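Written out below as structure tokens is the structure these notes cover.
Keep in mind the model is a prediction, meaning the values are calculated, not measured. The analysis underlying the following values was restricted to heavy atoms, covering all of them including side chains, and did not include hydrogens, waters or symmetry mates. Throughout, protein chains are lettered first and strands after them, A, B, ... in sequence-line order, and every chain is numbered starting at 1.
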Protein chains: 2
Amino acid sequence: MNFNKTTEYTLRILSFMSLNENMLYSAIDLSDKLKIPYRYLRKQMNLLSKQGFIESIQGKQGGYKIAKSLTDISLLDIVNATENYSKENMCFFGFQECPLQNHCSMHDKWGEVRDKTFAILKTTTLQDLKQDNSALILTSK
Amino acid sequence: MNFNKTTEYTLRILSFMSLNENMLYSAIDLSDKLKIPYRYLRKQMNLLSKQGFIESIQGKQGGYKIAKSLTDISLLDIVNATENYSKENMCFFGFQECPLQNHCSMHDKWGEVRDKTFAILKTTTLQDLKQDNSALILTSK
DNA sequence: TTTATATGATACTAATTGGTATCATTTAAA
DNA sequence: TTTAAATGATACCAATTAGTATCATATAAA
Ligand code: SF4
Ligand code: SF4
């Protein structure tokens, strides 16, 4: 939603792949199912592999599979793999360093949203998504 | 925070300018006070002027001032002037069209964050910021 | 052993966003 | 009336992100 495209792609890919944890998914298949440009997906899978989210099997009949336990991959992990979504860039007005002596009113107001966002991302794992969504995703149009 | 730089700049500019509603602020002064690149700010002021947020007085001793009542400019108005922050791009996974027959679990979970965010942006006006923050901002380092 | 099908690596191109430069125009004040 | 200080318009440049192309490598199966 507020993420960049690569993050959105990655969220889709890993969610989808977690539906069959041990299955090998080929890039062309993922690209097709998830409507992600093939070559861009290839590049991204490469990174995800290096980062340890997935492992790849080369050669004919090769593909990718999730490399860790689903409970060990939170949505925050995924988001942080592709963009900097840190709690540190917290100024509503985008100041690197707060120019005020005390907090402005947006600081706390927005802080609530920020905290809730992080809580959701941090506590939701691929396992949760799998459990909650499998039926839905499997019946996708 | 999750906004692009232009949005952050604009939030700073208009918040700052609302501290003295009727004062004329020059571009160089704003650039200096708010740490925004002068020429970029100039371009942005131009747009804000065309969009009706501010009005400009040309010539020597000229400058910019807020063009509307502070209560009539919400943070959502400002954000929407510089980026597309619509409720419509609401899919957590970035799908343009939802591929599912029913909602996935993130839809509602994230919806709460989204709704709260919009509520804050929509209900907070420059007048609110002025009232809440003036003392703080005026005592900026 | 050859071929087809898969990923690895990396360079290149395109689009978007952020930032600069230049010159014209306006207007208060010297 | 001239000058200096301000904005208007717009073209240009730089950085980042998104997307494409190419060739190398691995491997199952014909
Ligand atoms: S107090 Fe306000 S200006 Fe300072 S860091 Fe927080 S949001 Fe930004
Ligand atoms: S239900 Fe899930 S996949 Fe569909 S639009 Fe909502 S968040 Fe996106």
Side-chain angles (χ1 to χ4, degrees), chain A residues 2-13 17 23-67 79-85 89 93-96, chain B residues 2-13 17 23-67 79-85 89 93-96:
Chain A
N2 295 322
F3 305 119
N4 64 34
K5 280 203 172 187
T6 306
T7 301
E8 291 177 344
Y9 289 163
T10 306
L11 285 167
R12 286 189 213 166
I13 293 165
M17 288 176 71
M23 173 168 164
L24 277 186
Y25 294 91
S26 72
I28 194 159
D29 202 35
L30 291 170
S31 157
D32 200 55
K33 281 274 197 335
L34 300 169
K35 314 293 183 211
I36 299 170
Y38 173 70
R39 292 161 195 280
Y40 197 54
L41 179 138
R42 285 277 308 283
K43 192 162 67 171
Q44 185 57 16
M45 294 306 273
N46 224 310
L47 285 174
L48 293 175
S49 180
K50 282 180 183 163
Q51 291 180 296
F53 289 99
I54 57 181
E55 62 183 276
S56 69
I57 311 282
Q58 287 190 59
K60 202 167 183 178
Q61 304 297 325
Y64 305 93
K65 66 190 280 291
I66 301 271
V79 170
N80 274 326
T82 54
E83 60 186 85
N84 182 29
Y85 205 80
N89 46 4
F93 297 98
F95 286 112
Q96 281 306 112
Chain B
N2 295 321
F3 305 119
N4 63 35
K5 280 203 171 187
T6 306
T7 300
E8 292 176 345
Y9 289 164
T10 305
L11 286 167
R12 286 189 214 166
I13 292 165
M17 288 176 70
M23 171 167 164
L24 278 187
Y25 294 91
S26 72
I28 194 158
D29 202 35
L30 291 171
S31 156
D32 201 54
K33 280 275 195 336
L34 300 168
K35 314 295 184 208
I36 299 170
Y38 172 70
R39 290 163 196 280
Y40 198 54
L41 178 138
R42 285 277 309 281
K43 193 162 67 170
Q44 185 56 16
M45 295 307 272
N46 224 309
L47 286 173
L48 293 176
S49 179
K50 282 180 182 163
Q51 291 179 299
F53 288 98
I54 57 180
E55 61 182 276
S56 69
I57 312 281
Q58 288 190 60
K60 201 167 182 174
Q61 305 296 324
Y64 305 93
K65 66 190 280 292
I66 300 271
V79 170
N80 274 326
T82 53
E83 61 186 85
N84 182 29
Y85 204 81
N89 46 4
F93 296 99
F95 286 111
Q96 281 306 112

### Task
Look at A/Thr6 and D/dA18 and indicate whether a side-chain polar atom (N or O) is within less than 4.0 Å of OP1 or OP2.
yes
### Task
Please determine if a side-chain N or O atom of B/Ser56 lies less than 4.0 Å away from the OP1 or OP2 oxygen of D/dG8.
yes
### Task
Start with the C-alpha distance between B/Asn46 and B/Ser49, add both sets of side-chain angles, then the distance that settles side-chain hydrogen bond (donor to acceptor under 3.5 Å, both in side chains), and finish with yes or no.
CA-CA 5 Å; B/Asn46 224 309; B/Ser49 179; 6.0 Å; no
### Query
Taking A/Ser31 for the side chain and A/Ile36 for the main chain, is one N or O donor matched with an acceptor at less than 3.5 Å?
yes
#### Entry: Side-chain touch A/Lys65/A/Ile57, heavy atoms, less than 4.5 angstrom
no
### Query
Among C/dT7, D/dA29, D/dG8, which is the nearest nucleotide to the side chain of B/Gln58?
D/dG8
### Query
Could you give the CD-to-P distance, from A/Glu55 to C/dG8, as a whole number of Å?
11 Å
### Query
Can you list, by residue number, the residues of residues 36-51 of chain B that have a non-hydrogen atom closer than 4.0 angstrom to DNA chain C?
B/Pro37, B/Arg39, B/Tyr40, B/Lys43
### Heavy-atom side-chain proximity of B/Gln61 to B/Leu24 below 4.5 angstrom
no
### Summary
Rounded to the nearest 0.5 Å, the CZ atom of A/Phe95 sits from the NZ atom of B/Lys35 at a distance of 9.0 Å
### Message
Assuming nearest nucleotide by heavy-atom distance, tell me which of A/Gln61 and B/Ile57 is located more 5' along DNA chain D.
### Response
B/Ile57
### Message
Looking only at the side chain of B/Lys60 (C-beta and beyond, no hydrogens), which of the listed nucleotides C/dG8, D/dT7, C/dA28 gets closest?
### Response
C/dA28
### Task
Figure out the OH/C1' separation between B/Tyr64 and D/dA5, and round it to whole Å.
13 Å
### Message
Going by ring-ring contact (aromatic ring centres under 6.0 Å, His included), name the residues that satisfy it together with A/Tyr38, two or more places apart in sequence or in a different chain.
### Response
none
### Task
Measure from CG on A/Asn4 to C1' on C/dA15 and round the result to the nearest Å.
15 Å
### Those residues that, when tested against B/Thr6, pass side chain to side chain donor-acceptor pair (under 3.5 Å) (two or more places apart)
B/Tyr40
### Message
Please report the distance, rounded to the nearest Å, between CG in B/Leu30 and P in D/dA6.
### Response
12 Å
### Task
Indicate whether OP1 or OP2 belonging to C/dG19 is found under 4.0 Å from a side-chain N or O atom of B/Tyr9.
yes
### Query
In whole angstroms, how far is the C1' atom of D/dA14 from the NZ atom of B/Lys5?
13 Å
